[in-house]
Amino acid sequence: MDAEEWQAEQNRLDLVREKMQARIDEIEPEVSGTREQAAELRRRFWEEVTVNTSSDEDFEETFYTIKQQAAVLSERERRHRLLAQQWKSLNRLLPSPYFGRVDFLEDGLNSSEQIYIGVSSFIDEDGLSFLVYDWRTPIASLYYDHSPGTASYDTPGGRITGTMKLKRQYQIQNGQIRNMFDASVTIGDELLQQMLSKSADSQMKSIVATIQKEQNTIIRDDHSRLLIVQGAAGSGKTSAALQRVAYLLYKNRDTLKADQIVLFSPNPIFNSYVSSVLPELGEENMQQTTFQEYLEYWLGSSLSLEDPFDQIEYVLTAQAAQEYEARLQGMKYKASEAFLMALQSYAQWLGREGMLFKSLRFRDRDLITAERISSQFYSYDSSLRLANRVELLQKWLLKELSRIERQEREAAWVEEELDYLDNEQYAEVFAELHKDREVFDIAERYAEVYEKISHKRREDEGDFDFAEREKELLSQWIVKESFKPLRRSVRKLSFIDIHSLYVQLFDGEAGYREKTKEAEIPELWSEICQQTREKLERFELFYEDATPYLYLKELIEGVRTNTEIRHVFVDEGQDYSLFQYEYLKKLFPRARMTVLGDFGQAIFTQSTKLEGDDSLLHRLYGEDKATLIRLVRSYRSTREIVEFTKLLLADGAEIIPFERSGPKPLLARLESGEKRDIQILRDIAALQAEGFDSIAIITKTAAEAHEAYRSLLVLGGEVLQLITKETITFQKGVMIVPVYLAKGIEFDAVLIYDASPQTYSRENERKLLYTACTRAMHRLHLYTTGEWSPFVQALPVELYDQ
């Protein structure tokens with residue numbers, strides 16, 4: 001680019017920034033002023049309102065005064081929010097107002113429009129001319145989807161066609177153009193190279209300046225009920241998903257709020273890692289949680305639930321245990337479609353027989369026995385769904401409790417309780433008794449009503465025995481208060497023995513086949529039943545049992561739904577079972593679902609395949625409502641690291657590296673564990689001297705991470721952080737982390753603590769090693785004190801240094 005064109009671009013940038021600064025200076029006093037006005041209105045709210053309820057007219061006037069004052073306050077607060085949001089947006093734009101430009105000649109027009117694209121829009125003072133377009137606007141899709149030549153974009157009014165004359169990218173820092181590129185179909189490699197060459201941060205950053213065409217397809221998908229993104233490690237699927245959230249909030253800003261979107265993350269530390277992306281784009285964060293937290297919420301405190309990290313620790317460390325193979329078979333079966341169908345059949349069987357209930361007990365006696373409850377349940381029309389019959393049963397129980405409550409007022413224990421009432425309780429009942437006196441006092445304001453009430457009152461007072469009436473009311477109050485816990489338990493459906501109903505499933509092979517009509521069951525079913533029953537008897541639950549347990553509960557009690565949530569995002573989607581997807585579908589019936597994952601990183605036993613003819617996920621909402629997008633280009637790691645890691649997978653050859661070069665992965669064989677640890681500390685020091693400040697020592701398990709941490713501390717590794725499942729924030733530094741907690745996060749350098757056959761040799765450990773290695777952006781080191789893992793041995797020697 002010649003100097004004249006460069007200067008013209010800089011002049012245009014200076015003009016835009018000047019107008020932005022003028023707008024900031026203009027609204028800054030307004031932001032402060034409206035904030036102070038709103039605060040003052042809140043402080044003086046009741047001073048501006050005269051409360052008078054002496055007559056209907058006074059009451060009405062008071063009501064409208066309060067309403068008017070509240071409206072004024074609401075308007076001031078709304079005005080302040082809008083101005084503050086605009087002020088923040090402009091300040092965020094000012095250092096770098098835009099990152100891209102397209103010149104577009106619309107068909108039928110004589111001149112092209114220069115479209116500058118940034119993180120948010122900025123309109124000239126005339127209110128009509130866009131100086132910067134928000135990257136989420138329809139016209140901005142030209143920048144992501146097209147190269148110079150014929151181009152088009154979709155608007156609510158239809159498709160606009162024309163010719164793109166120019167596509168340009170900028171790197172702007174503090175108001176100065178540092179780099180400028182004219183790009184082709186993809187966002188230019190030069191800009192992306194510079195973005196990717198930076199060090200890893202403690203939080204994921206926005207990628208709006210470097211969104212690729214395939215990522216833009218994910219972001220702007222408006223039609224799919226289920227969007228599945230199968231992406232290689234480092235392909236930007238999580239980043240694209242977060243930009244998708246920002247796009248949805250922008251496009252549907254009048255109908256969609258951030259709290260109507262929920263993201264299911266792989267672990268709490270990941271929530272911290274991605275928490276800054278949406279605020280960086282000027283949007284509020286959506287709800288973020290883990291599936292484990294959701295399970296624990298719905299199960300409550302009645303059961304102690306194993307978490308997925310303890311489950312995978314068991315899978316990776318307990319191979320020698322006698323019950324290991326049965327537990328593994330149980331994990332796979334309980335995550336299968338066959339078990340889902342079996343539970344549905346079991347619910348049908350319970351409609352005919354076998355329902356288990358708890359007696360309603362009061363003061364050490366059965367008020368309504370479990371047998372009587374069961375008899376009442378099976379008296380209802382058998383064609384009704386279980387949940388409908390449970391609802392009828394609940395109403396019957398509440399009615400029975402009311403009948404028994406009336407009888408109970410004459411019981412001897414009530415008389416005893418009367419003697420122990422304290423003054424506060426007595427005063428409460430006394431106030432209830434004399435409510436009519438309060439009504440009488442209020443009625444004095446109305447002459448006609450006063451005459452009627454006072455006449456009736458004079459008639460009644462002659463023969464009204466207040467002492468007897470007080471005793472009657474006190475008895476009613478005592479019984480009512482005593483029955484409150486029973487009523488609450490009935491409303492919560494606690495009379496259904498869900499725990500025993502789930503245990504009943506595992507009585508043995510013959511009983512299971514009878515209740516579920518299931519033909520195919522695991523070979524070690526007897527052992528699976530025994531393990532499950534023993535766990536449940538201690539009121540504990542295997543992780544693989546949690547969702548089936550809740551699924552059965554909802555088949556019986558009815559589905560608890562959240563109709564407010566409109567979009568569900570599932571990250572690391574390959575680690576969820578079919579059961580869990582069915583549960584999410586029932587839980588959020590009005591929501592669209594976006595699933596992001598990589599089957600190459602499917603390290604959990606219950607993993608679901610995301611693509612292919614045998615993928616059950618596609619059928620979740622119907623195959624015609626599902627869209628699959630595949631991402632095969634990896635941007636995170638250097639070309640050398642990607643070439644090394646992709647061959648760790650049996651089917652990884654299709655992964656395409658981005659052309660960013662660096663050193664080959666380094667394999668270090670040491671004579672002993674102590675020498676390995678010394679070498680690791682030396683390598684960390686060398687990497688830090690190069691400027692890398694996000695370094696992960698990745699182990700296979702938490703047990704290995706603790707062992708490595710202790711060993712390295714002894715040798716002088718004082719700055720190490722040990723990451724555990726309780727860690728909730730991600731920070732830069734040197735950390736030791738088990739591979740399953742590193743999922744979704746990237747580091748400048750990754751050191752594989754032990755790449756020996758003892759650690760990675762079984763087929764189910766192949767994907768663990770792949771997942772660990774693909775966390776690296778710039779450097780990858782592997783260590784062993786003996787032979788290399790067979791997965792490493794199988795790699796061509798030219799892919800690494802030793």
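For reference, positions follow the sequence shown, starting with 1.
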Taking C-beta and beyond as the side chain, do [X] and [Y] meet within less than 4.5 Å on heavy atoms?
X	Y	answer
Pro589	Thr563	yes
His567	Val245	no
Leu248	Arg566	no
Val595	Tyr581	yes
Lys553	Arg560	yes
Tyr133	Leu142	no

Just by distance, do the side chain of [X] and the backbone of [Y] share a donor-acceptor pair under 3.5 Å?
X	Y	answer
Glu113	Phe104	no
Asp134	Arg136	yes
Arg159	Ser152	no
Gln10	Gly175	yes
Gln215	Ser235	yes
Gln243	Ala240	no

Should we count [atom1] of [X] as having more than 12 external heavy atoms under 6.0 Å?
X	atom1	answer
Asn110	CG	no
Glu26	CD	yes
Lys585	NZ	yes

Exercise. Between atom OH of Tyr98 and atom CD1 of Ile172, what is the distance when rounded to the nearest 0.5 Å?
Worked result: 5.0 Å
Exercise. Per the side chain to side chain contact (heavy atoms under 4.5 Å, CB included) rule, which among Val570, Leu227, Ile629, Asp571 passes with Leu596?
Worked result: Asp571
Problem set entry | Residues Arg633 and Glu214 bridged, charged N to O under 4.0 Å |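 No, no charged N to carboxylate O under 4.0 Å.
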Problem set entry | Residue pair Glu9, Arg12: steps toward the salt bridge (charged side-chain N to carboxylate O under 4.0 Å, His left out) verdict | CA-CA 5 Å; Glu9 286 283 13; Arg12 199 265 179 190; over 6 Å; no
Exercise. Below 6.0 angstrom between ring centroids: does that apply to Tyr294 and Tyr583?
Worked result: no
Please check if any side-chain donor atom of [X] sits under 3.5 Å from a side-chain acceptor atom of [Y], or the reverse.
X	Y	answer
Glu572	Gln574	yes
Arg220	Ser141	no
Asp107	Thr161	yes
Asp222	Tyr247	yes

For this session: Could you check whether the rings of Phe99 and Tyr143 sit parallel, tilted or perpendicular, using 30° and 60° as the cut-offs?
Result: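 Phe99 vs Tyr143 ring planes: tilted.
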For this session: Scan Asp124, Asp25, Asp126, Asp14 and name whichever one has a salt bridge (charged side-chain N to carboxylate O under 4.0 Å, His left out) with Lys19.
Result: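 Result for salt bridge (charged side-chain N to carboxylate O under 4.0 Å, His left out) with Lys19: Asp124.
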